[in-house]
Amino acid sequence: MTSAVATPLREVHTVESLHPGIWRATFGSPESITPGSVRQSRPDSVGLERLGPADPPFDLSALKWRLTARSCNVSLPHSVEEGIFGFGLQLKSHLQSGKKRQLRVNADPVLDQGDSHAPVPFYVSTKGYAVFVDTARYTSFYVGTHAPLSRLPERVLQKGSKIKLSPHELYRSAAFGDRVVVDVPAAPGIAIYVFAGPSPLEALQRYILFSGGGCLPPLWALGNWYRAFADHGADEVLSLARDFRSQSLPFDVIGLEPGWQTQFYPNSFVWGNRFPDPLGFTEALKEEGYRLNLWENAFIHPEAPFACEIRPHCADELATDGLVPDFLDPAADRIFAEHHERELVEKGVAGFKLDECDNGDFLPFAWSFPEYTAFPSGADGEQMHSLYGVLYQRVLHHIFRSKNQRHFDLVRSSGALASPLPYALYSDLYDHADFLRGMVNAGTSGLLWCPEVRHASSSEDLVRRVQSVVFSALSMINAWYIPRPPWEQIDPELNQQGQSMEQRDGVTRMVRQVLEMRMRLLPYLYTAFARYAFDGIPPVRAMFLEAPEDLRSWSCDSQFMVGPSLLVAPLTAVQKGRDVFLPSGEWHDFETGLVQEGPAVICLEDVPLAKVPVFVRSGSIIPFGDVVECVHDDKPQRVELVAYGRKASSGELYEDDGTTYEFRDPAQRTWHHFTRDEAGHATTKTNGPHAGRLFTIAPGIRSLG
Ligand code: GAL
């Protein structure tokens with residue numbers, strides 16, 4: 001029996017070494033339903049071996065833990081000198097030092113408290129280590145917030161001396177405490193995993209490889225996406241898709257919103273009469289070069305053909321009056337997946353948008369299942385909320401995996417160990433600065449994020465938002481509540497009334513240019529995703545991972561790295577200019593090649609609307625694709641190599657068959673490595689069987705800067 005009185009139990013835990021640079025410390029008897037216990041992807045032990053051994057960042061056998069009637073908690077070392085980042089898709093803040101984070105799944109995180117569509121009990125330190133707490137509970141992390149009574153004199157001393165600090169240092173030193181306390185409610189024990197660096201990026205790579213590596217989307221899914229108006233039927237969607245081609249607006253994926261079904265909220269998962277010939281519809285889209293993605297949530301209407309069969313495998317509470325399948329029950333998974341496979345995937349559907357698998361009981365109405373829900377598998381509602389996004393992804397992913405068909409989809413909730421699952425997060429929230437922070441933060445927990453574009457408050461707002469989304473993991477316009485594209489009318493009401501705005505042609509031109517930039521980046525992005533899949537390096541990532549020792553990188557919550565060489569610093573419509581932190585080395589303007597010396601914070605003033613500040617690391621060779629309207633299976637994209645700077649430079653390009661999982665076999669991977677020496681001699685080394693399958697490399701290397 002546990003008692004309300006704290007029981008310090010420091011000796012009775014076990015420490016195991018699992019992989020090079022990864023340890024697990026187990027305290028008491030951890031719960032049986034956790035992200036780790038229900039995981040299906042195995043750690044990528046080959047990738048982990050490649051990273052090599054590393055020393056533990058601290059003495060794991062000395063960790064202090066205690067068990068009370070309300071929680072199990074553990075204290076981990078922390079110092080005021082380090083910056084802590086992570087905890088999943090945090091939209092409200094970047095640096096987490098000095099804060100209490102309560103990790104609770106919530107679709108509407110208004111305050112900066114830790115609530116998130118995708119909270120992850122995981123953090124990375126600038127000191128070069130990372131910690132994952134394997135729990136599905138709404139866990140609190142006190143990140144250097146409190147010092148124990150025994151530290152009183154020292155603490156007063158420290159605080160006194162802080163008066164001499166600069167404002168920035170003072171801000172940094174908000175973390176007074178010498179520990180991170182992790183408080184897991186209701187658990188009789190916990191397992192924590194510690195990942196060594198030596199750098200923060202390597203610690204993160206170990207976590208992602210431990211999760212099973214990053215996902216690799218099919219090439220077409222890295223093109224642009226457009227989600228059509230929810231009330232449109234097949235003819236309207238097809239005519240919109242054809243309009244895009246005639247206006248040379250490059251899109252690869254068309255999404256349908258709830259109205260494709262006979263019933264939604266909850267769902268029948270059956271085509272409604274607006275789509276009388278689903279197969280004909282998907283084929284017509286395919287002829288135009290589009291893949292189809294369907295909206296759904298997991299809640300099942302009694303009219304769904306499998307409702308009776310799945311009912312015994314559902315929760316004891318409903319959500320939006322629908323059955324809630326227990327995705328920890330293999331029978332529920334099978335019934336749900338079989339219907340999707342037979343009725344949708346086999347009719348040409350290329351993927352799904354898994355909506356509302358988070359939680360929203362603080363909105364005007366509670367549409368999800370409550371925490372006191374009981375599931376047949378034994379999970380309660382709290383555990384299920386923490387796991388539901390990942391489990392839902394997994395059920396539908398298996399359909400595609402078993403068909404050896406790659407997909408890349410959308411999901412509104414995710415969690416720990418999710419990086420192998422090919423899904424990007426999105427949100428109904430819409431603050432542009434928060435969306436940029438999502439781009440900075442998501443990768444730090446092995447997640448991908450899409451800062452989708454819907455309507456806009458001005459043309460500038462629309463263009464600036466599109467400029468952000470094209471540099472994200474998934475480039476999407478989500479026009480689910482407007483019949484015409486936002487570049488024809490940004491105002492949702494006027495759009496619904498069919499009124500085009502005056503500046504429509506000019507705005508369309510600008511948006512087209514930005515969407516074309518995405519297509520030019522496809523070869524580079526695909527290569528960055530290959531590094532995610534095989535090495536665990538997030539394709540979009542925070543600046544502190546690039547320059548952890550430079551404190552200026554810690555506050556960069558609106559600029560980020562994309563792939564190895566691009567530093568992207570988008571603007572929002574309220575900004576005319578902005579500061580950009582350049583880490584040490586030389587950086588070139590993406591378009592002009594103009595060079596800037598780092599480390600520095602540069603101030604950009606009066607940035608024209610057509611310009612997105614992008615800087616390229618000197619010495620990089622970037623593979624730029626030609627602008628294409630979409631990815632064609634049988635027509636490789638032509639690639640031009642551009643070297644930035646006059647010094648020796650290098651770059652790489654990855655290819656495979658673009659659509660199957662054959663790349664899991666290293667022999668199926670094709671790498672091109674480019675070098676150019678200072679005298680201008682260029683070499684290309686190619687290994688692997690798929691050269692020329694996705695890209696044809698134009699001869700020569702163009703120089704910029
Ligand atoms: C929301 C979702 C939106 C849209 C909408 C359709 O939950 O976040 O992107 O799909 O549902 O009803």
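Just so you know, ligand 1 is whichever comes first in the structure, and atom 1 is the first atom listed for that ligand.
- Residues T444 and Q90 are not in side-chain contact: their nearest non-hydrogen atoms beyond the backbone lie 4.5 Å or more apart.
- Ring centroids of H455 and Y481 are separated by less than 6.0 Å, placing the two rings close together.
- Heavy atoms of P258 approach ligand 1 to within less than 4.0 angstrom.
- The existence of a salt bridge linking D112 and R101 is confirmed by a sub-4.0 Å separation between a basic side-chain nitrogen and an acidic carboxylate oxygen.
- The closest side-chain heavy-atom distance from P486 to I477 is below 4.5 Å.
- For ligand 1 and N478, the ligand atoms under 4.0 Å from any heavy atom of the residue are 9 (O).
- The protein heavy atom nearest to atom 8 (O) of ligand 1 is D428 OD1, 2.5 Å.
- Nearest-heavy-atom check against atom 9 (O) of ligand 1 across E356, H117, M476, K353 picks out K353.
- The side chain of R412, and not its backbone, has at least one atom closer than 4.0 Å to an atom of ligand 1 (non-hydrogen atoms only; side chain from C-beta on).
- The closest side-chain donor-acceptor pair between S475 and N224 falls under 3.5 angstrom.
- Under the 4.5 Å side-chain criterion, counting only non-hydrogen atoms from C-beta, L396 is in contact with F336.
- Residue contacts with ligand 1 include Y426, since one of its heavy atoms falls under 4.0 Å from the ligand.
- No close placement of the F244 and W225 rings is indicated, their centers lying 6.0 Å or farther apart.
- Checked by distance only, ligand 1 and D355 come closer than 3.5 Å through their nitrogen or oxygen atoms.
- The nearest heavy-atom contact from the protein to atom 4 (C) of ligand 1 is E257 OE1, 3.1 Å.
- Of the candidates W295, Y265, Y481, Y265 brings a heavy atom nearest to atom 12 (O) of ligand 1.
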